[in-house]
Amino acid sequence: MENRIIEKQNMDVFVNNLINSDAEVVGAKRKDGKYAFGKLADATELCLDYDLALYPPKSYLLPPKETLIKFELGEELEAEPVVEAERVILFGVHPYDIKAIELLDVAFSGTNPDINYLSRRAKVTIIGIDCLNPNPNAFCASLGTATTDTGFDLMLTDIGASYVVAIGSSEGEELLGKYAVTREATQSELVQRDEQRQKALAKYKVALSMSAEDLPELLDKSWDSPVFKEKSEKCLSCGSCVMVCPTCFCFDVQDDIALNLKQGERYRQWDGCMLVDFALVAGGENFRRDSETRFRHRMYRKGKYLWERYGKLGCVGCGRCASACLAEIASPAETFNTLKEERRQHD
Amino acid sequence: MTQLNINVHHVTRVEGHGNITVNAKDGKIEEITWEIPESPRFFEAMLRGLNYEDVTWLAPRICGICSVAHSTAAIQATEAAFGVQPSEQTMLLRKLLYHAETLQSHVLHFYFLAAPDFLGVGSVFPLINTHKEVVLRALRLKKLANDLADLLAGRKTHPTSCVVGGFVKFPETSQLGTMRQRLSEAMDDLKETVKLFKGLNVPDFIRPTEYIALKDPKEYAFISGDISSTDTGIAPITDYLEMTNEFCVPQSTAKFSRHARDSYMVGALARFNNNYSQLLPEAQKAAGELGLKAVCDNPYMISIAQIVESIHAVEDSLRLIDQIVARGLKEEKPEVKVRAGRGVGAVEAPRGILFHDYTYDDKGVLTEANCVIPTNQNHNNIQKDMESLVPSIINKTQDDITLMLEMLVRAYDPCISCSTHFLEVRFV
Amino acid sequence: MISQAIPEASIYQPRPAKLIRTEAIAEREKLFEFEFRDGGELGHKPGQFVEISLFGIGEMPNSISSSPTKNCSFELAVRNVGNVTSALHGLTEGSTVGIRGPFGNGFPIDKLKGNDILIVAGGIGLFPLRSLINYVLDKRSDFGRLMILSGSRTPQERMFVSELEKWQERRDMELLETVDRGDEKWTGNVGVVTTLFPKVDIDPQNTFAITVGPPVMYKFVVAECKKKAIADEQILLSLERRMKCGVGKCGHCQINGVYVCQEGPVFSYAEIRKLEEAI
Amino acid sequence: MKPRLGFFDFTGCEGCQLEVINFEIELVELLELVDIVNFREAMTEKGEDYEIAFIDGAITTESDISRIKEIREQAKIVVAMGACASLGGVNCLKNFRPMEENLKIVYGDCAGYYNTIPARPVSAVVPVEYELPGCPMNRYEFLKLAKALLLGKKFELPNYPVCVECKMVGNVCVFDKGGFCLGPVTRAGCSAICVTTGRHCWGCRGLVDDPNVNSEKEILQKHGLTVDDILNQFRIFNGYLEVSK
Ligand SMILES: Cc1cc2nc3c(=O)[nH]c(=O)nc-3n(C[C@H](O)[C@H](O)[C@H](O)COP(=O)(O)OP(=O)(O)OC[C@H]3O[C@@H](n4cnc5c(N)ncnc54)[C@H](O)[C@@H]3O)c2cc1C
Ligand code: SF4
Ligand code: SF4
Ligand code: SF4
């Protein structure tokens, strides 16, 4: 992989050039004392040293609400698929969020490729940045998601006076050539990058007490653990944990019709397994009626089900769910560690 | 022998319930009453014991039609009690928001509630077929007003982002720019409105009375200034009790008021009669075109005064936006220090002067509240108008008389639902 | 930058199909026969389902009730329980609906071939099973014995009565029926469907038990099958779950790690044993 | 024939009726599909042949009770619009004081002229088919219901809390800003408008079906509210629940 250098004083120029290109540039901005991704109007709005954006960049690929089909009722039914995709440059995405997008990529392609997701995805350029100030709830170091070698077009690392830029794709290379002032990276700058990454790894406050690969097996043995009931007693079933999660992608589909009762649309909207009616069917049967079963399902989806299905964990350790959960129960790391501890005492 | 028995149970196209009763025999009037049988709501009792943030959040619920007025009055009363001085930017934004409500409420009134009488229909609904352009114009104006309120305060009914000390959400400059464009385009719709109403036949009825409204030396007052009476001059808003002098009458859950005369009027015409010289140029022009001259003693002209005020509201909104943009919009955080005390807030609701008077303890919990609503103040004037009007039209048919009376009540645009919520004044 | 190719068509776009015939089945149940507007075939296997759309109302999963041996058209049997189902019940012949699918795995026909088949239907569980039954009857020589145990709550709630009567008369199959609660006219068995098990004699080695019915039924049916020494691999169940997409994305139908719309709806008990929340 | 609608107001601010009159172009479209035969706030004619009755305001007098019963007799479908009609709403704040005391506070010596009974939602007096909670009700939800009725579709309120919508619009949680919020137990459907516009959720849409009120109370206490504060917050729109328990 080729590496270049952008001097810090040249960064704003790069960003502003991108803003002035035909793409929408999205980056972390300050919002009410937190950070959130949003469209940039100027490079000065962009924060590159943020710890965690409240929401993952998921909504640029899977919007909270998205039209799938437009229809018109009449003699002959007319229904057309709707595929909307704008060119978006996600600027300053942390590795764990890139890993999460890699999971979404797998889930939305494969045997039943999803045209809406994939069309957006094709128009999204990812400029990553290494996370040097992890959020106190994050545990990426334990999941191998604190850094990434894949999934980006460009990857920045702040090494003090400048950024090292790793080129991940020809498109990234082109952007760099066209819009940024760069130079070749020296060997010592690459060493500095490694040091920065190492230092960041040491800053994580939360860690798994086992390796990520052991999770599916641990969960295999933990179905009857009392921890699910204990924790879920506080659960508000508010869905915050799944809504903010970069790897959650469940959705609901509904029809809406105009007041003339002719034209309408079928849309999908974020949904989540922590919500009470998620598994409810018409006869009134609810396959996960109590919060314990929902809570457990989420933990298993994070640590086992998606792994078995897609070969990737359903959690990248960003810590957003833990930050969003008012009941302070949502962190998978906490539950997994408790389960591990139970196992240890059991064995 | 002619017998006249008018009994309008629940006058329609007004907010809340009001009944008209007229009994006459052979031209001799036996009874004329304007009665308000609204269910009392006890807001003043309900607000007691609540924290000031909840108080100012609940106050707009007094009336959905003029919730911005109640919100502003409540906020300003609380600020007065705490000694909070709103910033210049806050006042500019508040005034702009306020114009949104004035415009929305006035358009609703003169197009939806009053106009059907002039056009000989029972409601605005059939006009959609017969006068589609008129209805669409009204809807456009209302949409503009709603969108302006949404932009500044989250929504029009029960605004969310205006708080004690200022605002918690701010529009973007670009949004204000778009709004400015739409406001200036709306002037055409308002000019068409003037044309429409110029052609309508407003009943000719004169009864001189006292007119009370806020007055601010700097501008046509809506949310600032002192109390002004065409009879007795200026008084500070804290003297509102002497002005409003409420008293109970058995036929009504609302309280009646009187001041220098038997009754007085508040609202668009009262404001016009007090402050006409401060109207902005386009509004002045419209007043001239519509034949509205101060001091006007014809209550049926209230709707006309509302049209004039709507134009003023749009003109002034344009100025306010320019000012806000020129100063540069800043995200000011509201700063509030709670202290024990009492404060009065006075604003010009679309229907007239409105007072909120709150007493808080040192934790910011409300201990006493009094709110005096414009329509309450008008009830007595409506009664006196009826007493004066009926003898002069007693020879008309019962249907005509009924219509004239209903139109009279509607001209006041009474907001009865809110008028009955607050009455008694008992500060010791 | 992404390596996945963008597909040409949307997996959410239904194919227009014309309602060509409706027939009342029972009080709340109706049969609908459809033909694709484009003349194409559904190309399904017994046990698969489709997503049927009534635009403006919604979309819902529904099993296919006809056998694939019946060409060109296909049938859905629907109980009126909610929005889409009741709108469907109100449709007149000639109306257009949208169809996606077929989805799901269906019954494992290849494995069933040459074996005896014991079908256990509860209520509208007969809807998907009818597809299989008719398939077996159409290819009678490919299969061994065909035994059907069918339970309804009341005589009025028996599905496909005329077909039941025809089946009753056939010599090449056995049908036993029961109702939970009888009435004056009912002369047959009374009791839940599991009470029929003692009345059939089977050869467990060569028998596949296939059951569809309300969720509560499964545990009891499985217990009876096991009593008869049918291997877990040869006990097949079709499960119902909430479904929105039918294509393994929306997450609603997930039972542990499996998606009912992909790996199901038909599962062997051997698989289900490992799924904690399945039955 | 077009369905015939009637609108009736009880004790409330009439803001929900205003939301209907306040429709913009939708009003024109709606009137192509329905006939409004009774709407005192907007029209003179009073048709008594309505099929669908929209009620705003709470029930707070004896005469309210008889009037709502009459409406129920006539209407095939009764819809409660807004927090007052659906939940009792703010009106129920007075239920925490004896009625005589309320009368005295507001009317003093004139208290004898008036009468009042504890406030209650419409459903406490007559059966109600649909409720559109919210203060004011959400106009888009009103349209959604109207369309569902026209299509013969059943209408359901979301059964998840406001937090979901808060997340969908990308808000910073009020708790994160140092405040507090009733969103975690309040029924969604408002697009979290109060939080989005800078405030917190007061619960005007009522609680979700199975709210975890204990957990919410614990959270509120953790964020500095006293038991009294918490009660007051719940009472502002959901007081009726507490009294009726
Ligand atoms: C694989 C499969 C096969 C089925 N086959 C049949 C059949 O042959 N005949 C039959 O009558 N019914 C069948 N059902 C059940 C049928 O799908 C539901 O009765 C139907 O979805 C109810 O939809 P509704 O809009 O009328 O009800 P509503 O309650 O109004 O449904 C609202 C929404 O909830 C969802 N939903 C509710 N219940 C279910 C459910 N049970 N399964 C999936 N989603 C649900 C739907 O997506 C629907 O959009 C089957 C279900 C599944 C999963
Ligand atoms: S489960 Fe929590 S920590 Fe894991 S990816 Fe989702 S939000 Fe982040
Ligand atoms: S775990 Fe926490 S965030 Fe998730 S639903 Fe429960 S209370 Fe809400
Ligand atoms: S602000 Fe309120 S509604 Fe929004 S997420 Fe936080 S608690 Fe939930």
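Throughout, a chain's letter reflects where its sequence line sits, starting with A, and its residues are numbered from 1. Just so we're clear, the structure is a prediction, and the values are computed from it rather than from any experiment.
At distances below 3.5 Å, at least one donor-acceptor pair connects side-chain atoms of D:Arg97 with backbone N or O atoms of B:Ala45. When atom types are taken as modelled, the side chain of B:Lys142 and the backbone of D:Ile21 share a donor-acceptor pair closer than 3.5 angstrom. A donor-acceptor pair is defined here as one N or O able to donate and one able to accept, closer than 3.5 Å; such a pair exists between the side chain of B:Arg61 and the backbone of D:Cys135.
The two residues D:Arg199 and B:Cys162 have their closest heavy-atom pair at NH1-O, 3.6 Å. Across D:Asn232 and B:Gly49, no two heavy atoms sit closer than the pair ND2-O, 3.6 Å. Nearest heavy-atom pair, B:Ile65 versus D:Glu14, reported as atom, atom and distance to 0.1 Å: CD1-O, 4.3 Å.
The side-chain heavy atoms of B:Phe43 and D:Val90, taken from C-beta on, include a pair separated by under 4.5 Å. In this structure the side chain of D:Leu27 never reaches within 4.5 angstrom of the side chain of B:Val135, judged on heavy atoms.
The structure places NE2 of B:His158 at 7.0 Å from SG of D:Cys16, a figure rounded to the nearest 0.5 Å. Rounded to the nearest 0.5 Å, atoms CG (D:Asn22) and CD (B:Gln104) are 4.5 Å apart. Separating the CG atom in B:Asp54 from the CD atom in D:Gln233 is a distance of 4.5 Å, to the nearest 0.5 Å. Once rounded to the nearest 0.5 Å, the distance linking OG1 of B:Thr160 with CD1 of D:Ile193 reads 5.5 Å. Taken to the nearest 0.5 Å, the CG atom of B:Leu108 stands 6.0 Å off from the CG atom of D:Leu18. Considering CZ of D:Arg139 and CZ of B:Arg155, their distance stands at 11.5 Å, rounded to 0.5 Å.
Checked by atom type, the side-chain pair D:Thr197/B:Ser161 shows no donor-acceptor distance below 3.5 Å.
In this structure, chain D has heavy atoms under 4.5 Å from both the backbone and the side chain of B:Thr157. Looking at D:Phe23, only its backbone comes within 4.5 Å of chain B, counting heavy atoms on both sides. Heavy atoms of D:Glu19 lying under 4.5 Å from chain B belong exclusively to its side chain.
Annotation: B:Lys132, atom NZ; neighbour count of heavy atoms from other residues, nucleotides and ligands within 6.0 Å does not exceed 12. When the shell of 6.0 Å around CD of B:Glu133 is examined, it contains more than 12 heavy atoms from other residues, nucleotides or ligands.
Chosen from D:Asn91, D:Asp228, D:Asp35, D:Ile25, the residue pairing most often with chain B at heavy-atom distances under 4.5 Å is D:Asn91. Taking chain B as the reference chain and counting heavy-atom pairs below 4.5 Å, the highest number among D:Gly198, D:Gly89, D:Pro136 is found for D:Pro136.
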Kindly indicate, with the supporting measurements, whether the criterion side chain to side chain contact (heavy atoms under 4.5 Å, CB included) is fulfilled by D:Trp202 and B:Leu58. CA-CA 10 Å; D:Trp202 267 267; B:Leu58 275 184; over 6 Å; no

